Amino acid sequence: MIDIRLIRENPDLVRRELEKRGDTFALDEILELDVRYRGFLRHSEELRAQHNETSKQLGMKKEKPPGLIAEMRLVGEQISALQQQTREARAALDALLLELPNMPHSGVPVGRSESDNVVVRTWGTPKEFAFEPLPHWELGEKLGIIDFQQGVKLSGSRFYVLKGLGAQLQRALISFMVDVHVREHGYREVYVPAMVRRECMVSSGNLPKFGDNLYRDEQDDFWFIPTAEVPLTNLHREEILKLEDLPLNYVAYTPCFRREQLAAGSDTRGIKRGHQFEKVELYKVTDPQSSDSELENLVADAEAICRKVAIPYRVAQLCTGELGFAAHKTYDIEMWAPGCGEWLEVSSCSNCSDFQARRAGIRYRPGRGAGTQFVHTLNGSGLALPRVVIAVLENYQQADGTVLVPEVLKPYLQVQSGC
RNA sequence: GGAGGGGUGGCCGAGCGGCUUAUGGCGGCGGUCUUGAAAACCGCUCUCCGAUUCCAUCGGAGCGUGGGUUCGAAUCCCACCCCCUCCGCCA
């Protein structure tokens, strides 16, 4: 959420920043509602101040004059009516504020589409194969480790079943990645619910605007998380954190659920995009001064995984038009997949500045006696599982259709050579 | 799922229609005393919103959440959320 006071005091700045995303926003309506809201609020507070004073005096009197009580009742009714108007204006204002995306960081390149993203670095060189490398769906089927038909049988399109070493490879990657982040990067491992209350989705920015992308249990109003970012954002909801406890670094492994209402046929091959997938998520809560540098640390922590599994990757900075709703600045990490011949997004690391913190009410106190301030939150995959599985299969494949096990995964797998 | 009990400031815990700007204690901070520390004593300790002459002052709100009754609600009523105990069921 953007601070209403900033919009009030500097609407042109906010408008200019938001329009970098390539869209227009209802700022005039917001400003108008804000004036209305404060008018009602001020009026009802003035009346209430008088009313409080008279009531207090009335309470001290032995004789209660009936005329005065009748008069007070009328004032009370006026206050109720004003409060109702105040509430309505506030609710309308909040509804609009919740629809505004975050403002981009000043260093984000202005642009409209993927082609305006900026590749900031590349690591490794795509391997030259002496044969035509196969896409993972062919490799997986030949090896009997990915079964698409059974996925469809159980749940429909965009579901798959991993079998034997396919399932084990994914599980090995999960353990390996979490271990690296805990032991080498200082993250605290947490296990969180995959179904959350509606307000958690509002805090993270998924609701009210993106409900169409979420699965939901209507009976109990549980919402299925599209990423661990949602529960992690809410871990400290409505808390005032101590400066000395920042930054908080969390790593969580969770399943993720996305409705992905894509056109039939797009991205349907393979396990790149499904309704359910596994992800290891990194999350940081920092003070506002540190979030810029912590984003660099976060990206480096995610990149470390790519290097350890020795798969070429590149890091792209997203342009303003590609930023997610809550994001202030984002880097994507893309691994090279020689079989499908594309750079696969395996991580998206974002500094959300105070956008989610404001929605979730997560604050800290900068110093003794100082007022509270909103923290900054950052998140990034470290990494998204099915796509790393794809990259491993396609990069480590051999001429005979078998796949070698990356060195770092050997301690985590039952086999030492490959499959 | 059934029955009962409960949610009050950082924590514990009183209050059960106006005397509460929420008693008291613990913790925390500052001070007095002391060579220093402890003890004792004194004082201070929350958040949010709005207005203005904006390092401040004034007003409003907040006792799980949201409504309601009343001139006046932490206190009474309704709904919901959460926690605890027992029973049932279950991994």
Side-chain angles (χ1 to χ4, degrees), chain A residues 1-11 30-98 191-203 207-208 216-223 231 234-246 248 255 354 356-375:
Chain A
M1 196 144 68
I2 298 177
D3 188 356
I4 181 61
R5 278 173 290 203
L6 180 64
I7 299 175
R8 192 184 293 155
E9 283 157 25
N10 213 333
I30 286 173
L31 287 166
E32 205 175 294
L33 265 170
D34 180 49
V35 170
R36 265 172 70 80
Y37 161 68
R38 282 181 298 144
F40 288 137
L41 182 66
R42 192 176 170 180
H43 194 178
S44 74
E45 283 185 353
E46 280 168 1
L47 267 185
R48 183 173 279 268
Q50 295 170 23
H51 192 261
N52 283 349
E53 181 55 33
T54 314
S55 269
K56 203 171 170 182
Q57 287 171 7
L58 196 55
M60 291 185 292
K61 283 187 183 150
K62 280 197 208 95
E63 300 290 320
K64 318 284 190 203
L68 187 54
I69 286 183
E71 193 185 314
M72 294 297 285
R73 181 182 294 133
L74 279 175
V75 177
E77 280 164 12
Q78 279 179 52
I79 293 173
S80 295
L82 271 169
Q83 277 180 323
Q84 183 59 28
Q85 287 175 300
T86 309
R87 266 201 298 268
E88 283 167 9
R90 179 78 221 191
L93 179 60
D94 284 341
L96 289 180
L97 286 173
L98 286 172
Y191 169 81
V192 292
M195 294 151 74
V196 297
R197 298 168 182 285
R198 167 187 250 109
E199 55 258 44
C200 292
M201 290 291 184
V202 175
S203 297
L207 286 178
R216 174 189 173 198
D217 162 53
E218 295 215 355
Q219 207 162 359
D220 295 319
D221 200 29
F222 280 129
W223 296 72
N234 286 276
L235 236 34
H236 298 288
R237 179 150 47 97
E238 302 299 335
E239 286 183 16
I240 299 170
L241 302 169
K242 293 189 191 124
L243 178 60
E244 59 264 35
D245 292 336
L246 302 180
L248 294 166
D354 64 358
Q356 292 177 323
R358 223 172 255 290
R359 289 172 164 245
I362 312 167
R363 292 163 287 167
Y364 81 108
R365 202 179 295 284
R368 267 178 42 76
T372 61
Q373 270 188 42
F374 289 103
V375 297

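Within every chain, numbering begins at 1; the chains are lettered A, B, ... in the order of the sequence lines, protein sequences first and strands thereafter. Just so it is clear, the structure is predicted and the values come from calculations on it, not from any experiment. Computation of the quantities below employed the complete heavy-atom set of this structure, encompassing side-chain atoms and omitting hydrogens, waters and symmetry-equivalent molecules.
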(Q) Suppose you measure atom C1' in B/C12 against the same atom in B/G66; what distance do you get, rounded to whole Å? (A) 28 Å
(Q) Could you tell me how far B/U75 sits from B/A22 if I compare only their C1' atoms? Round to whole Å. (A) 12 Å
Quick one: is [N] close enough that its OP1 or OP2 comes under 4.0 Å of any side-chain N or O from [X]?
| X | N | answer |
| --- | --- | --- |
| A/Arg365 | B/U47 | yes |
| A/Arg38 | B/A51 | yes |
| A/Arg42 | B/U52 | no |

Rounded to the Å, how far apart are [X] [atom1] and [N] [atom2]?
| X | N | atom1 | atom2 | result |
| --- | --- | --- | --- | --- |
| A/Met72 | B/C71 | CE | C1' | 5 Å |
| A/Arg363 | B/C46 | CZ | P | 14 Å |
| A/Arg198 | B/C81 | CZ | P | 14 Å |
| A/Gln84 | B/G66 | CD | P | 14 Å |
| A/Leu47 | B/G50 | CG | C1' | 15 Å |
| A/Arg73 | B/U69 | CZ | P | 11 Å |
| A/Gln50 | B/G72 | CD | P | 15 Å |

Q | Position toward the 5' end of RNA chain B (nearest nucleotide), A/Leu68 or A/Tyr37 | A | A/Tyr37
Nearest to the [X] side chain among [options], which nucleotide is it?
| X | options | value |
| --- | --- | --- |
| A/His51 | B/G72, B/U47, B/G60 | B/G72 |
| A/Arg197 | B/C49, B/G18, B/C81 | B/C81 |
| A/Glu45 | B/A51, B/U47, B/C49 | B/C49 |
| A/Asn52 | B/G59, B/A61, B/A51 | B/A61 |
| A/Arg48 | B/G50, B/G67, B/A61 | B/A61 |

Q) In the strands shown, is B/C33 matched to any nucleotide by a Watson-Crick or G-U wobble pair with both distances under 3.5 Å, and which? A) none
Q: May I ask which nucleotide in the shown strands pairs with B/G4, Watson-Crick or G-U wobble, both distances under 3.5 Å?
A: B/C84
Sugar-phosphate, base or nothing in reach of [X], heavy atoms under 4.0 Å:
| X | value |
| --- | --- |
| A/Phe40 | nothing |
| A/Ile240 | sugar-phosphate |
| A/Thr372 | sugar-phosphate |
| A/Arg5 | sugar-phosphate |

(Q) Is a donor from one side chain sitting under 3.5 angstrom from an acceptor on the other, for A/Gln84 and A/Glu88? (A) yes
Q: Inspect the contact between A/Arg8 and A/Asp3 and indicate whether a charged nitrogen and a carboxylate oxygen are less than 4.0 angstrom apart.
A: no
